[in-house]
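This chain uses plain numbering: 1 for the first residue, then up along the sequence. Just so you know, ligand 1 is whichever comes first in the structure, and atom 1 is the first atom listed for that ligand.
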Amino acid sequence: MKTPGKRLDVSKLRDRLRLAQGPYFWKSLEEIAGTEGFREFLENEFPHGAEQWDDSVGRRKFLRLMGASLALAGVTACTRQPKETIMPYVRAPEEIVPGKPLFFATAVPMGGIAEGVLVESHMGRPTKIEGNPEHPASLGATRAVTQASVLTLYDPDRSQTMTHLGEISSWDAFMGEIREASAAQKSRNGAGFRVLTETVTSPTLARQLRELLEAFPGAKWHQYEPAGRDNVKEGSRLAFGQVVETHYRFDKADVILSLDADFLSSMPGSVRYAREFAARRRVDDGRSQMNRLYVVESTPSITGAKADHRWPLPAGKIAHLTRVIAEAIGAGERKQEIKESSRLPVDSQPLEALTKDLQGHQHRSLVIPGDEQPAEVHVLAHAMNHSLGNIGETVIYTNPVEANPVVQMESLRELVNDMEAGKVDWLLMLGGNPVYDAPGNLRFSEHLQKVKLRMHLSLFEDETSALCHWHIPETHFLESWSDLRAYDGTVTILQPLILPLYGGKSVHELLAAVAGQPDRTAYDIVREYWKSQKAGEEFERFWRRSLHDGLIANTDFPAKQVSLRSSVVRHPSPVAADNGLRTADSGPGPLEIIFRPDPHVGDGRFANNGWLQELPKPLTKLTWDNAALLSPRTAERLGVVNEQVVELRYQGRQIEAPVWILPGQPNDSVTVHLGYGRTRAGRVGDGAGFNAYAVRTSTAPWFDTGLEVRRTNKHYALSCTQHHHSMEGRNPVRVGDLQEYRERPDFVQEMGEVPPRNLTLYPEYKYEGYAWGMAIDLNACTGCSACTIACQAENNIPVVGKDQVAVGREMHWIRVDRYYKGEGDAALDNPETYHQPVPCMQCENAPCEVVCPVAATSHSTEGLNDMVYNRCVGTRYCANNCPYKVRRFNFLLYSDFTTPSLKMLRNPDVTVRSRGVMEKCTYCVQRINAAKIEAEKADRQVRDGEIVTACEAVCPAQAIVFGNINDPTSRVSKLKANKLNYGLLAELNTRPRTTYLAALHNANPEIAGKAKDRG
Ligand code: SF4
């Protein structure tokens, strides 16, 4: 192992940032410091080995490597693809036309809650997930994890056989055991029988569980979700005396206060929230109003990155700040001016301006607490929303979407206690992976082994399966019938698009089997439930319409009138203490530990998904690992550097984790992401990262003080993409303030110089027909990275693995760059953060084309910078000449040509590239051509909006718009005519067809320093 690298001198970094002239954007601390490692990476980014040409030893080594490659694979660019056999239909199904995909509506379960989708199916193979425009939680878009869920369907590591004590067994043998166990429990009324599920919103499953409990009255149903929403439920129970669901209307909110709530990415309904939020950020020539977002957060998030004012604060101090704000706006009897409050965790002046802003927007403001913040913060947020008149306007209450909204940590603890006491004879686990993800202090796996009969239904034979007598392979949601509720209660009937690839049973079938009906199918069970609900209606019509639309009409819950309990009206803040809940104010302690689900692998369930593992995390840009996230100041205090392994000691347990220094992280708080350190995830996920659950406790599952950090001399290499594809020193992001825009709408144009069109040696080419172009609105983009995964799924883009990412060889055709900006001390402690998606710019004067010796990259008459893969000989001159660094070279045979299930995933409209080939974005040329063919058949022009690129389709914020720039009425033409529009590096005279709309801040003019220090 390497020893840790050199420490960054944070005070020197601050000095450099203080001395920086003009707007200064930076990607990493190493870049500001100009470290050797950073320079080395930039210099070596392109021709690895090129610097060796002057060195005779190095040159010999390079040629030897080339020789090895040639010997292994023939001539690099002429690799033959493996021979494949195709099988025609003997009798083709009527509805299938070869080459024409079909789309089916269904829903993706995310923490038990539905996200409505349309799934594209090619000849019976689901290949791509799109959002369902009719579904309230989707509105046509999806999240990155939803996009990637199709890869899990084909994962060759999924469980393929039923096992008993680790040996292959059969359904009949399993049923024998079920009958025996049922008979034994019947005689005891089910007193020793326990069922453990994840969050249940499925009406059919809820009924099955209820029926099971009726049959076994002494049995208990427990629920546990490692990233569950206990605080949300408990907060509403304390505030209203009952559990209710809270929805937010960002389309109506002028002023938003987020209390550690990452509502743009990780809450139920976040796709819709992102759409509504972004729509209120959009500034076009006719409108110059924007919402204003204040964020207090304990871990940098994409929501914090969009904030107009952001305060990084330890998670344990957010309740105190919330209390101060609540008192200042008069939520409760006690009204106290901010300046009268003691121990203010942030300056009083901006807080006063914030409260004034909220009060000035009665009925049009919104206070949103984070799921991880304690119930007390939720109670205060409810009280504030009531006080601000937001209820029924920007805040809506409904019945809970969970079938049985219990406090899940309590439920799990009760189960563990029963197991420990020997009260559990038979435990049936329907999904979930508690052996891996239960808090370490509960010692779940130890107590589990006291249960006499343990059964586990799951998609993978995972850590929990390994400790069970029986493992039953579960069907994927694209293989089975079910139903689920969305965040607002809307029900979708899940329909299968493919027969189970590896056999398996759905949760409905397994429960039916336990109830003595082993032959009932999920289809029958779900249909029968809905038949019982729709008596009197024409059922077949209802069923077909619901399947077609992807939702059951009028199943969303109506708004509910609830009143704050009188004690809350009087004293919103002491409620938690009165009820014996742990208050959020952290006691004295050296450091705080914060637990968060990983932005991409979540609680660990997506750990074996290579697309998600390789997707750079929105803020850290780390891939394939988690890390202990520290602020620059805390890292300096502890004397640790990036990639240095530290020991995290908390509550008598410890783990080792590599350090990652994250600007914007609160001082003295260490965030660890859950979902890593898996041992039985599969070939992709095993061994990646460290397991933070090992130190998590059931009493403080989200944060606590009392963390000790001990340095070690070990080094752990992380693969981070923040230096990759750098357009160093060129300020690619343009940013301004809304006020500045109103006063000087041309300010964006003044930031760069565009050369005159005649400044070229080439004759002007006139694009007579279509001229394709794209506009990306940085003001709307949230940096969620869903576009990267959508592009990967659409264009058969391979995963390259951690080691290849480390040398800059990730293959994403659209990357999302993250930049920091800031002046003075705020630059490191609380920088402005921007995200910029970068696909190919499709330059009209494309620097890549003129250097290609074989014309493999050339220009189309519609302005596309095309790639002819078969012609590419892999010289990589084009990549060297691309100032945007958007070309990706297949250094190795990255695409998996041999795993049968992965072949089924491929989009047949796009090639699967082999090694030695340069590849890149072509605006989804396959989608362009399909639309052109349809238009030609109907003897018409392609309509605006008819071609939707994969990145455009998925974007929750509608930040990407594609279309014909020769049509002045097209949406893309209008965006390009916007005064905020600019070309990236347009000063190079490349004439990019992809352009950007500058980002704007809507800073509160009453907050000192305005946009500059953002709080
Ligand atoms: S452009 Fe990409 S990163 Fe930005 S919001 Fe849309 S999908 Fe997310």
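- With a 4.0 Å heavy-atom cut-off, ligand 1 is reached by no atom of Ile814.
- Taking the side chain to side chain contact (heavy atoms under 4.5 Å, CB included) definition, one finds that Thr995 meets it with Ala775, Lys976, Asn981, sequence neighbours left out.
- Of the protein's heavy atoms, Cys955 SG, 2.3 Å lies nearest to atom 6 (Fe) of ligand 1.
- Each of the following atoms of ligand 1 lies closer than 4.0 Å to a heavy atom of Ile960: 1 (S).
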Review point. Please walk me through it: do Trp624 and Gln613 pass side-chain hydrogen bond (donor to acceptor under 3.5 Å, both in side chains)?
Key: CA-CA 5 Å; Trp624 292 98; Gln613 285 281 11; over 6 Å; no
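- Formation of a donor-acceptor pair under 3.5 Å by the Lys306 side chain with backbone atoms of Cys781 is found in this model.
- Considering only non-hydrogen atoms, atom 3 (S) of ligand 1 lies nearest to Ser785 out of Pro837, Cys791, Ser785.
- Relative ring orientation between Trp311 and Tyr294 is described as parallel, the plane-to-plane angle staying below 30° on a 0-90° scale split at 30° and 60°.
- Closest to atom 5 (S) of ligand 1, if we only count protein heavy atoms, is Thr782 N, 3.3 Å.
- Of all protein heavy atoms, the one lying nearest to atom 4 (Fe) of ligand 1 is Cys781 SG, 2.4 Å.
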**Study point:** Criterion salt bridge (Lys or Arg N to Asp or Glu O under 4.0 Å) on Arg229 and Asp371, from CA distance to verdict
**Key:** CA-CA 6 Å; Arg229 305 180 72 227; Asp371 290 359; 3.1 Å; yes
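- Using a 4.0 Å cut-off between charged side-chain N and carboxylate O, Arg993 and Glu862 make no salt bridge.
- At the shortest separation from atom 8 (Fe) of ligand 1 among protein heavy atoms lies Cys784 SG, 2.4 Å.
- For atom 7 (S) of ligand 1, the closest non-hydrogen atom on the protein side is Cys787 N, 3.4 Å.
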